[in-house]
Amino acid sequence: MKYRWLTHFAMVLFAFWAGAQITLAQQAQEMVFINGKIITVNDHSYTSKLGTIAQAMHVKDGKILHVGTNAQIRPMAGPSVKLIDLKGRTVIPGFILTHEHPWDWNPVEPVVLKKVLTDDILVTRVLDGKPMDNLKAFPGVLAEAVKAAKPGQWIYIVFMLGKHYEYSTTGNGGFGRLGMDPEVVNVVDGKHITREQLDQMAPDNPVVLRDVFTSMVINTKAFDESRKIFSEPDVNPLKGAESNSSLGDPSTFRWFFGDVMMKDHHPQLLEVMRQGLEWWAGYGLTSFSSNAYTPSNLAVYGELDRQDRMPIRTAWSWNWRQNYFYSDAYFLDALAQQVGRGTDYLWFGGGRAVTGGGCTEMEASPSSTLAKMPDLQLEAREKQCNYAPGGRGEKLLYEWVKAGGRYIGNHTSGDEDIDNIMRVIQKASKDAGMTDEQIRAKRHAVDHMVLWPRQDQVPLLKQLGIVTSGDSFEVIQSTPAVFNIYGEKGASQVVPRKRVFEAGVNNSFEIDRALGSTEYTIFSAGITPMLDRKGWDGKVYGSDQAVDRESALKIATYGGAYYLDREKVLGSIEPGKWADFLVLDRDYLTVPADDIKNTKVLVTVVGGKVVHMVPSIAKENDMQSVGSQSRLGAASGW
């Protein structure tokens, strides 16, 4: 039927919104925690002051009821209340990542895949060597997978990018290690392994190759399977990709796994996503924000929410085929009315127009290769201004903001597009008759901060109330390349946290990487880069934009809550707020700065429910260890 897919998607969206009204209340155990060092972060100023350091707290019905001294709180532990002695351990609010998408990373996290996806479900193989070694091993791995697969069964091969992402070629800003190390190549680029080769090697099976970031290659059978799901030519996101060896559209991997590969294995898809969320809870993630990307993501998260099985919270944002939907005024008005609505675990945060570009006003250093090709530099700048005057991005953003929508969830790399975005937000808001206060109340958000903001952009960001999200991992991955092209000024413009934080512009953080395939944690990949500004080569870049550990903690907790427009219930440990917090294995405030990266999360509590607890703490408190990392072995020694 011509509109079958669109009707299905509308039903999914309606089910999410309707389900939000009937979700059962989250149940949680009443608990009293004593003898701790509880960093409340109840000072919400743009300073390094964290506020009260308490000893104890009382949690009931998913909320924090009381915070204070042992003498004040200990008597609240009656016979039916679980008493937990923290033995001096540090407690902090839960981490909130504001541009993260576990629904993308869970399908490439090896331990979860191995647990859920056996060969009778999906023939899955993982290659975790160096890129060139993986290329050599690939023919044999695929041959073995074909032998193990039934005719017509899916074959899924994931290429790791190293335990520290050392084999990743690019970052969100287009900067990385490509060309800096001959051993580092993008294996899944459609050139090293082509679609034609896959067709020859696996004639009877749909095959998907994927790395753990954004690259993916499929064979013809896999492409044909996608047409069965997205049957209308103008709806299939692979439109125009029939003759390409690779997919071309880097977002394709986001819908292919759930909507096509796992379409006949819904229970297993549900379990991959649930355990994947638990895995992230083991890093200390308690809430996140992201574009929803695909119909299956909303369906799965909505179902988990209705079943009271969401381990952590998420604010999702719309980015699906904006050109197709945003052209309809009725749709825009209806979508704008949903901003902020949902449940305590799943709500709608807003939507974006198009992906932001990497265009920048900075001039390349005279010694850089880019500076020697001025025509190329100008051409690249013009092509990457996705919100340039007169373009499609400008029109879509104008209509969305004018309709009252919240702009959120965007990938933006360059400072020129930030100029364009602010200009459109300002004009569309004024044309809609909004006051300055109403504009600020929208809390439009821009993400990544790869090459922005410039110092002169900060006042307007503040005036418009725009909140910013910075990708900590870009400091690690991109600064060497940015420094080589733009010099120290460029390096200081990669995630310039100190610049925005000291100006009173809300800042939150993101990692935007599949940590489960690495040895990284939120502390090593998210917090530490804010403090030391070290690139992957070990050198320090843009040291003037480093913040202290106290400010970093506020950015990672309360800053994220403000971005989610939930700071009244999230982001700090205060009476009346949701009980989302972490117990750490060391004192965050006093350990040497270089040791912060080694911090482990012993316990994660979300809404008063323990969603992650390592075996040692469970044994200490006569409880059961909880969470994917504990059950599947990652935290077994803690």
Side-chain angles (χ1 to χ4, degrees), residues 98-99 170-177 355-371 377-378 380-382 384-387 410-423 445-462 464 466-512 526 528-537 539-547 551-552 555 559:
T98 49
H99 189 113
T170 60
N172 287 312
F175 305 104
R177 307 189 195 193
T355 300
C359 52
T360 176
E361 287 189 351
M362 287 191 297
E363 298 293 335
S365 301
S367 59
S368 74
T369 304
L370 188 61
Q377 187 178 358
L378 180 61
R381 177 181 297 176
E382 291 174 345
Q384 292 179 3
C385 266
N386 294 344
Y387 286 94
N410 197 23
H411 303 250
T412 302
S413 303
D415 56 299
E416 278 196 64
D417 246 354
I418 296 299
D419 286 331
N420 294 327
I421 289 167
M422 291 194 294
R423 171 181 50 79
V446 225
D447 299 353
H448 288 344
M449 294 173 63
V450 177
L451 282 178
W452 63 269
R454 304 184 309 267
Q455 184 65 54
D456 65 288
Q457 291 177 317
V458 173
L460 187 53
L461 284 170
K462 187 172 183 178
L464 296 174
I466 293 176
V467 297
T468 60
S469 174
D471 184 348
S472 288
F473 206 81
E474 290 300 327
V475 175
I476 297 173
Q477 186 166 337
S478 293
T479 43
V482 171
F483 177 82
N484 289 336
I485 296 172
Y486 300 112
E488 186 61 34
K489 180 181 178 181
S492 292
Q493 203 156 297
V494 176
V495 197
R497 292 195 187 278
K498 191 171 186 179
R499 180 176 300 158
V500 295
F501 187 75
E502 290 186 345
V505 173
N506 188 77
N507 188 230
S508 56
F509 86 136
E510 54 191 82
I511 298 171
D512 206 19
T528 299
M530 298 192 216
L531 313 180
D532 65 15
R533 301 281 305 186
K534 287 184 179 179
W536 57 261
D537 57 1
K539 297 178 181 179
V540 176
Y541 297 91
S543 59
D544 61 313
Q545 294 306 315
V547 298
S551 299
I555 289 168

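For the single chain, residues carry numbers from 1 onward in sequence order.
Put simply, CD on Glu361 and CD1 on Ile418 are 12.0 Å apart, with the number rounded to the nearest 0.5 Å. Going from atom CD1 of Ile421 over to atom CG of Leu464 covers 11.5 Å, rounded to the nearest 0.5 Å. Atom CG of residue Leu460 and atom NZ of residue Lys462 lie 12.5 Å apart, to the nearest 0.5 angstrom.
Nearest heavy-atom pair across Glu488 and Gly542 is OE2-N, 3.0 Å. Contact detail for Ile555 and Arg497: the closest heavy-atom pair is CG2-NH1, 3.8 Å. Of all heavy-atom pairs between Leu531 and Ala552, the closest is CD2-CB, 3.8 Å. Here the closest heavy-atom approach between residue Asp447 and residue Asn410 is recorded as CB-O, 2.8 Å. Taking both residues in full, the closest heavy atoms of Pro453 and Leu461 are given as CB-CD1, 3.8 Å, listed atom of the first, atom of the second, then distance. Heavy atoms only, all atoms of each residue included: Trp452 and Ser413 are closest at CD1-O, 3.6 Å.
Between Asp419 and Arg454 there is a salt bridge, with a side-chain nitrogen of the basic residue lying less than 4.0 Å from a carboxylate oxygen of the acidic one.
Remark: of the listed residues Val500, Val467, Thr98, Val500 is the sole one forming a side chain to side chain contact (heavy atoms under 4.5 Å, CB included) with Asn507.
No side-chain donor from either of Asp415 and Gln457 sits under 3.5 Å from a side-chain acceptor of the other. Using modelled atom types and a 3.5 Å distance limit, the side chains of Asp544 and Ser492 yield a donor-acceptor pair.
Under the 4.5 Å side-chain criterion, counting only non-hydrogen atoms from C-beta, Asn506 is not in contact with Thr468. Between Phe509 and Ser469 there is no side-chain heavy-atom pair separated by less than 4.5 Å.
Ring-plane geometry between His448 and His411 is classed as perpendicular, the angle between the planes exceeding 60 degrees on a 0 to 90 degree scale with a lower cut at 30.
With sequence neighbours left out, Lys539 forms a side-chain contact (heavy atoms from CB on, under 4.5 Å) with Asp537, Tyr541. Scanning for side chain to side chain donor-acceptor pair (under 3.5 Å) contacts around Asp532 gives an empty result, with sequence neighbours left out.
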